Amino acid sequence: MFITQESSHQSQQPVWQQCLERIEDKIGPHRLETWFRTTNLSSTPEGNPCIEVPNQFLADFIEEHFCGIIQDALSDLGINAKALTFVPIKKEWTILKQQNEPIAEPYRIKPVKKLINTHSFHPDYTFDTFVVGESNRFAYATCLAVAEAPGKTSFNPLTIHGGTGLGKTHLLQAIGHFAHIEGTAENIVYITSQEFINQYINYVKNKKESETFYKKFSGVDLLLIDDIHFFSGKPSTQKEFYRIFNRLLLQNKQIVLSSDRAPETIPDMMEHIINRFMGGLITDIQPPNFETRIAILKKKAETDRISLPDQVVQFIASQVTSNVRELEGTLIRLIASASFNGKEITLEAAQEIFGDAMNRNQQRLTIQIIQKKVAEYFDITLNQIRAHTRKRNVAVPRNIAMYLCKKWTKQALRTIGLDFGGRDYSTVIHACKKIEADLLKDKVLSDQIKILDAVLKPLA
Ligand code: ADP
Ligand code: MG
C-alpha cells in the first residue's frame with residue numbers, strides 16, 4: 001500500500017482531488033474535465049497506486065498522454081508513483097479491492113504551498129504546436145523574436161491581447177519554454193495575474209509591509225504575466241506591479257503580458273502603466289479563419305495520433321467558429337464520444353453529436369450553458385463552479401453564474417440550486433442579492449457581468 005510522506009498532516013481534501021488540482025495547473029481545466037472527470041485513484045493488491053478509468057480506450061489514452069504529469073503530481077504529494085498503472089474499472093481486482101478497505105479516501109495530506117514557479121511550462125504549449133494563420137501571425141512572430149533574444153528587441157514590454165481561447169496563454173508559455181530549452185534566459189517566471197495578486201496580498205499580510213515584495217522578482221530575466229486585465233480596480237497591486245515592471249525594464253529584462261482586451265480599454269488601470277505598455281509593442285490575436293481552424297484541427301489530431309476524415313475536419317471547422325479552445329473541446333468530445341460508443345469518427349457520427357448539441361441550443365439558454373460560459377470566462381472548471389469550495393476565485397464566479405441563471409433562464413430558484421451541486425434555493429437568493437448589491441459599487445464586477453451578458457444574449 002502506498003503511503004504519503006506527509007500522511008501525518010491531515011487536510012480536508014482527498015489525495016486524488018489535490019492531485020487533480022496539480023494536473024489542472026499543467027493541462028488546463030478543459031482537458032482535465034474531459035479526460036479526468038470519471039477517474040479515481042486506487043491501489044493494486046500489491047499496494048501500488050493505480051488510476052481507475054471507465055474503459056480501455058481511456059486507460060490507454062490517459063497513460064499515453066498524461067502518465068508523466070500524473071506521476072509528478074503524485075510524487076509532489078509524497079506518493080511513489082513509479083509503478084503507476086491505469087485500469088478500466090471492470091477488471092477483476094477492483095472486486096478484490098472492494099473486499100479490502102476502501103483506500104482512496106483515507107489519504108489526506110497537507111497541501112503544498114504554491115510558490116512563484118519557474119520552468120514549469122505546459123509541455124504542449126510550444127511554438128511548434130502553435131498553428132500560424134492570418135489571425136495570429138504577427139503575435140506569433142513577435143513572441144518568437146522575444147523568446148530568441150529576451151530584452152534585446154524593441155518589443156519590451158510585449159503585450160498580446162485577444163478574446164478568450166485564442167492562444168495567449170499558449171504563446172506566453174511557448175516563450176518560456178523556448179527560452180528555457182534554448183537557454184536564452186535563465187530566470188524565467190510565468191505567473192497569472194490572479195497568482196500575482198494572491199501572492200502580493202499574502203506577502204503584505206504576513207510581512208505587514210510591501211517594501212520587499214519586488215525583491216522576489218529582482219533576479220528575473222524574463223517575466224511572463226498572463227491575463228493582466230484582472231489587475232483592473234486593484235490600485236495597490238498595480239503600484240507594486242509598476243514598481244517591479246520599471247525595475248526590470250531598466251535592467252533590460254524582458255516582460256511579456258497578455259490581456260483579454262486592448263490595454264487602454266482595461267477599466268481602472270493606472271495611466272502610467274498603460275503608457276508603459278504603449279512604449280513597447282502591443283499586438284492582438286483575432287479569431288482564426290476557416291483555413292486556420294482546419295489546420296489547427298489537423299494538427300491536434302496528428303498530435304493525438306487520431307485519424308480524422310477531411311469531411312469531419314471541415315464539418316467541425318464550419319460549426320465551431322468562436323475560438324480555438326472551443327474547437328479543441330469539440331474535437332475531444334467527438335473523439336471521446338465515438339470511442340465510448342465504439343464507433344468510427346465519421347461525418348454521420350459528428351453530425352449526430354452536433355445534432356444533439358444544436359437541438360439543445362435551440363431550447364434557449366440553459367443553466368449548464370451559463371455555467372460553462374462563466375467557468376470559461378474565469379478559467380475554472382465546471383466542477384469547481386458546481387462544487388462546495390469557498391475559495392474566493394471560485395466562489396465569486398459561482399455567485400455570478402447563479403445570478404446570471406436567475407436573470408437569463410426561466411428556471412425555478414430551486415432548480416438552479418440543484419444544478420449548483422444540490423444547493424438550497426435560499427443560497428441562490430443570497431448569491432443573487434450579493435451580486436446585485438456589489439454591482440452598485442464594484443466597477444470590475446459590473447464590467448464582468450456586462451461582458452457575460454453580451455456572451456449570453458445571442459444564445460437566449
Ligand atoms: P487564451 O489564453 O487566449 O484564453 P489559450 O492559450 O489557453 O487561450 O488557448 C486555448 C487552447 O487553444 C489551448 O489548448 C491552446 O493550445 C489552443 N490554441 C490556441 N491557439 C492555437 C493555435 N494557433 N494553434 C494551436 N493551438 C492553439
Ligand atoms: Mg489564457
Side-chain angles (χ1 to χ4, degrees), residues 23-35 65-66 69 121-144 158-178 190-196 224-231 256-263 282-304 313 316-317 320-333 335 372-381 393 397 451-452 455:
I23 296 171
E24 182 178 355
D25 286 345
K26 296 269 164 59
I27 67 172
H30 295 278
R31 294 170 107 201
L32 186 88
E33 169 91 7
T34 306
W35 298 109
H65 290 81
F66 304 117
I69 291 174
F121 300 108
H122 190 311
D124 294 343
Y125 289 180
T126 61
F127 286 120
D128 287 345
T129 58
F130 193 83
V131 175
V132 185
E134 283 314 311
S135 56
N136 56 30
R137 191 179 305 282
F138 192 61
Y140 175 87
T142 49
C143 286
L144 187 57
L158 172 63
T159 310
I160 310 286
H161 70 91
T164 179
L166 294 183
K168 301 181 296 294
T169 299
H170 188 135
L171 281 177
L172 255 61
Q173 293 253 335
I175 295 175
H177 215 277
F178 183 100
Y190 167 88
I191 187 168
T192 65
S193 63
Q194 291 103 318
E195 280 171 334
F196 184 96
L224 309 153
I225 307 192
D226 212 351
D227 292 333
I228 45 138
H229 49 275
F230 286 116
F231 283 163
V256 186
L257 310 153
S258 83
S259 162
D260 75 349
R261 64 200 82 176
I282 300 176
T283 168
D284 69 338
I285 306 186
Q286 295 292 328
N289 60 17
F290 184 62
E291 200 189 340
T292 312
R293 294 200 295 276
I294 288 188
I296 291 172
L297 285 168
K298 286 194 168 158
K299 181 114 187 173
K300 300 276 173 204
E302 184 193 303
T303 314
D304 288 347
V313 174
I316 304 176
V320 184
T321 54
S322 46
N323 69 52
V324 183
R325 185 176 294 135
E326 197 79 20
L327 199 63
E328 210 173 67
T330 306
L331 177 63
I332 291 171
R333 268 202 308 283
I335 295 166
K372 186 167 163 261
K373 296 288 172 198
V374 175
E376 256 170 25
Y377 180 74
F378 289 100
D379 212 15
I380 57 176
T381 61
N393 70 326
I451 293 173
L452 286 163
V455 169

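This structure is a prediction, so every number in the text was calculated from the model and none was measured. Whatever order the structure lists them in is the order used to number ligands and atoms, beginning at 1.
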Do the rings of Y125 and H170 sit parallel, tilted or perpendicular, given the 30° and 60° boundaries? parallel
Are there any protein N/O/S atoms under 2.8 Å from the Mg ion (ligand 2), and if so, which? T169 OG1
Between the protein and ligand 1, are there any N or O atom pairs that come within less than 3.5 Å of each other, and if so, what are their names and distances?
unit_1	atom_1	unit_2	atom_2	d
ligand 1	2 (O)	T169	N	2.9
ligand 1	2 (O)	T169	OG1	2.8
ligand 1	3 (O)	L166	N	3.2
ligand 1	3 (O)	G167	N	3.1
ligand 1	3 (O)	K168	N	2.9
ligand 1	3 (O)	K168	NZ	2.8
ligand 1	4 (O)	G165	N	2.7
ligand 1	4 (O)	R325	NH2	3.0
ligand 1	6 (O)	K168	N	3.4
ligand 1	6 (O)	T169	N	3.1
ligand 1	6 (O)	H170	N	2.8
ligand 1	7 (O)	R325	NH2	3.0
ligand 1	8 (O)	G167	N	3.1
ligand 1	14 (O)	Y125	OH	3.3
ligand 1	14 (O)	E328	OE1	2.7
ligand 1	14 (O)	E328	OE2	3.0
ligand 1	16 (O)	H170	ND1	2.7
ligand 1	23 (N)	V131	O	2.8
ligand 1	23 (N)	N136	ND2	3.3
ligand 1	24 (N)	V131	N	2.8
ligand 1	26 (N)	K300	NZ	3.2

Is any NZ, NE, NH1 or NH2 atom of the basic residue among R293 and E326 found under 4.0 Å from an Asp or Glu carboxylate oxygen of the other? no
Do V455 and Y377 come within less than 4.5 Å of each other through their side chains, counting heavy atoms only? no
Using side-chain heavy atoms (C-beta onward) and a distance below 4.5 Å, is F290 in contact with T321? no
Quick check: do F130 and L144 have side-chain heavy atoms less than 4.5 Å from each other? no
Ring centre gap for F230 and F196 strictly below 6.0 Å: no
Can you find a pair of side-chain heavy atoms, one from S258 and one from D227, that are under 4.5 Å apart? yes
Test side-chain contact (heavy atoms from CB on, under 4.5 Å) applied to H161 and D260, I282, T283, L166, the passing residue: I282
Under 3.5 Å, is there a donor-acceptor pair between the D124 and T129 side chains? no
